[in-house]
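For reference, the structure is listed below as structure tokens.
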Amino acid sequence: MVCFMFSVKSETEKFVEEELCNISMPEMMGKEGRFQYTITDVKITELILAHAELQFIPDVGLLFDIQNSSISLSFHRQILYWFFYDTGNINASAEGVNINTAVNLIRDHEGRLKINNITCDAKINRMRAKFSGTLGKVYDFVAKFLTTGMRFFLNQRICPALNHAALVHVNSLLETIPVRTEVDNYIGIDYSLIEDPVVTSRSLDMHFRGMFFDLSHQNLTLVNYAVDPIIREYDRMVYLALSEFFFDSGMFSYYTAGIFQMDIVNEKMPKDLEMLLRTTYFGTIMITVTLVDAPLALQLAVNSPPKTTIKTSGATVFMTAIVKVMLLPPGQPAVQLSSMTLKSDLNYKFKIFSNQSALESLALIPLQAPLKTMLQMSVVPLINNWTKRGVRIPLADGMDFVEEVVEYHNGFIVIGANLHFSKGLREMMLGNTNSTTMA
């Protein structure tokens, strides 16, 4: 959590400095006795932070506090004193800059993270201006009038600039993060928040739905009976906890999409397996039909959604499948020779038994090895490919997870990672604005 605060604090500091440097100041004109002045092209060049702190404040949100810092700026002067006219640039500094900003985060109607409110208080204690030129010393005594007005305008513009940046630009960036997206041609995933973020003294906790769904039956979902993950680590910047429900909903969605079934026939049928099947069911084939050389087929279908079990030792996916041995005589209806249940897990432990008789279960023992191979060639690769490919965690462009670690607990997995910014927050927001404009 220290790393998280340091990294986000650093990005927040850069963001605040960039936003302040883009503050526009109005032209200032005035008259004091024989002096007439015009101030233009006011530019903030640097924010020098003497003290900056980012904190989690329970029931409030994120607090960014700047104390006793300074702002460097420059402006162009035009001054008329009697019949003397002078023009030039002036470097100035605002000192004793204090900015206190609190950001409140909520869940919007679509389940996205959103900045709901920002409270800001900014104050500049004093300003100094250094005049140059032939009348530099003469101007020093009127500097008070110029810096007083400029300090007033700066005080009035700091908070509106930060408020606009947070409520408009940052929220626009957050809206680009998907909360419901497709994983492949069969299933999608729902990342939406199920409640408002909870701010504790040490963390910002967000509870995501974390659920997959069948693209063709999006309202058909799995009931969540999994244990709630508990995160006790704070060494990494971000911790993502995935319960058994996360994985079960993916398996359930693939199951309802009809992916866990296949027919093994003709060229898909290995010759050695076909020979073994003909030997095993020779008697049945002779009794059932006269065409003993008719093609054989296997119909394999997972008959219930696979179930994930997570323990400290690792994760296992359990499944059961119905395997039917079919004879396909040309021009005749298919003939079922046998039906069997195959139980297995992702650690490739298999058990096979007949759905018709205990005696046939003994005869099926020689089929365990080839059917294990067939299951590895069909259902297991789908699960493996999904777990190896992974699912993209929704982050804004310019943010990535690095230095990931995985820990297994009873009922859930915790993934810890550090957050890497390849772009600054303002650059990310400008990129989002450009993309929106081009679209």
Inset, instruction - Kindly determine whether F246 and F212 satisfy ring-ring contact (aromatic ring centres under 6.0 Å, His included), including the steps that lead there. - result: CA-CA 7 Å; F246 175 81; F212 294 91; 5.0 Å; yes
Inset, instruction - Report the residue from S74, C21, S24 that forms a side-chain contact (heavy atoms from CB on, under 4.5 Å) with K43. - result: S74
Legend entry - Side-chain heavy-atom pair F245, L222 within 4.5 angstrom cut-off: yes
Legend entry - Contact list for residues 114-123, test side-chain hydrogen bond (donor to acceptor under 3.5 Å, both in side chains), sequence neighbours left out: N104-N116
Inset, instruction - Provide the full list of salt bridge (charged side-chain N to carboxylate O under 4.0 Å, His left out) pairs with a residue in residues 89-102, sequence neighbours left out, each pair given once. - result: E95-R126, E95-R128
Legend entry - Candidate pair V406 and V414, rule side-chain contact (heavy atoms from CB on, under 4.5 Å), full reasoning: CA-CA 6 Å; V406 179; V414 175; over 6 Å; no
Inset, instruction - Please say which of L47, N91, I44, T45 ends up in a side-chain contact (heavy atoms from CB on, under 4.5 Å) with S72. - result: T45
Inset, instruction - Would you mind reporting whether I413 and F247 have side-chain heavy atoms less than 4.5 Å apart? - result: yes
Legend entry - ring pair (Phe, Tyr, Trp, His ring centres under 6.0 Å) partners for H164, two or more places apart: H169
Legend entry - side chain to side chain donor-acceptor pair (under 3.5 Å) partners for T256, two or more places apart: D214
Legend entry - Distance-minimising heavy-atom pair for V60 and A102: CG1-CB, 4.0 Å
Inset, instruction - Grab the two heavy atoms, one from M251 and one from F260, that are nearest each other, plus how far apart they are. - result: O-CE1, 3.6 Å
Inset, instruction - Please name all residues satisfying side chain to side chain donor-acceptor pair (under 3.5 Å) with E175, sequence neighbours left out, ordered by chain then number. - result: none
Inset, instruction - May I ask you to test the I158-I23 pair for a side-chain heavy-atom distance under 4.5 Å? - result: yes
Legend entry - Value rounded to 0.5 Å, distance of CG in L193 from CD in E110: 12.0 Å
Inset, instruction - Mind checking the CE-CD spacing from M25 to Q156? Nearest 0.5 Å is all I need. - result: 10.0 Å
Legend entry - Within residues 169-227 or reaching into it, pairs that qualify as disulfide bond (SG atoms under 2.5 Å apart) - sequence neighbours excluded: none
Could you give the side-chain donor-acceptor pairs of residues 294-307 under 3.5 Å, partners two or more places apart or in another chain?
| from | atom 1 | to | atom 2 | distance (Å) |
| --- | --- | --- | --- | --- |
| N303 | OD1 | T320 | OG1 | 2.5 |
| S304 | OG | T320 | OG1 | 3.4 |
| K307 | NZ | D248 | OD2 | 3.2 |

Inset, instruction - Would you check if L49 and Q67 make a side-chain contact, meaning some heavy-atom pair closer than 4.5 Å? - result: no
Inset, instruction - Examine distances only and state if a side-chain atom of T176 and a backbone atom of L173 form a donor-acceptor pair shorter than 3.5 Å. - result: yes
Legend entry - Distance in Å, E244 CD paired with I310 CD1, rounded so as to fall on 0.5 Å steps: 5.0 Å
Inset, instruction - For residues P229 and S243, determine if any side-chain heavy atom of one lies less than 4.5 Å from a side-chain heavy atom of the other. - result: yes
Inset, instruction - Carefully, step by step, assess N100 and I66 under the rule side-chain contact (heavy atoms from CB on, under 4.5 Å). - result: CA-CA 6 Å; N100 185 281; I66 297 174; over 6 Å; no
Legend entry - Side chains of I118 and L167 in contact at under 4.5 Å (non-hydrogen atoms): yes
Inset, instruction - State whether a side-chain donor-acceptor pair under 3.5 Å links N68 with H51. - result: no
Legend entry - Which atom of D184 lies closest to which atom of Y186, heavy atoms considered: OD1-N, 2.8 Å
Legend entry - Inter-residue atom distance F56.CZ - T200.OG1, 0.5 Å rounding: 7.5 Å
Legend entry - Test salt bridge (charged side-chain N to carboxylate O under 4.0 Å, His left out) applied to R107 - qualifying residues, sequence neighbours left out: none
Legend entry - Those residues that, when tested against R180, pass side chain to side chain donor-acceptor pair (under 3.5 Å) (two or more places apart): D190, Q218
Legend entry - By side chain to side chain donor-acceptor pair (under 3.5 Å) - contacts of T101 (at least two apart): none
Inset, instruction - Indicate yes or no: at least one non-hydrogen side-chain atom of T312 is less than 4.5 angstrom from one of N410. - result: yes
Legend entry - N125 to N98 - nearest heavy-atom pair and separation: ND2-ND2, 3.9 Å
Inset, instruction - Go through the structure and list residues passing ring pair (Phe, Tyr, Trp, His ring centres under 6.0 Å) with F412, not counting sequence neighbours. - result: H409
Inset, instruction - Quick one: pull up CG in L162 and CZ in F15 and give me the separation to the nearest 0.5 Å. - result: 7.5 Å
Inset, instruction - Quick one: pull up CZ in R209 and OH in Y191 and give me the separation to the nearest 0.5 Å. - result: 14.0 Å
Inset, instruction - Taking the side chain as every heavy atom from C-beta outward, state whether L20 and I99 have any atom pair closer than 4.5 Å. - result: yes
Legend entry - Chi angles and distances behind the side-chain contact (heavy atoms from CB on, under 4.5 Å) call for S70, I48: CA-CA 5 Å; S70 61; I48 303 172; 3.4 Å; yes
Legend entry - Non-hydrogen atoms of L154 and A94 that approach each other most closely: CD1-CB, 4.5 Å
Inset, instruction - For residues I187 and S253, report the shortest heavy-atom separation together with the two atoms involved. - result: CG2-CB, 3.6 Å
Legend entry - Non-neighbouring partners of C159 that pass disulfide (SG to SG under 2.5 Å), sequence neighbours left out: C120
Inset, instruction - Could you give me the CA-CA distance, side-chain angles and deciding distance for F75 and D41, then say whether side-chain contact (heavy atoms from CB on, under 4.5 Å) is met? - result: CA-CA 5 Å; F75 55 89; D41 297 330; 5.8 Å; no
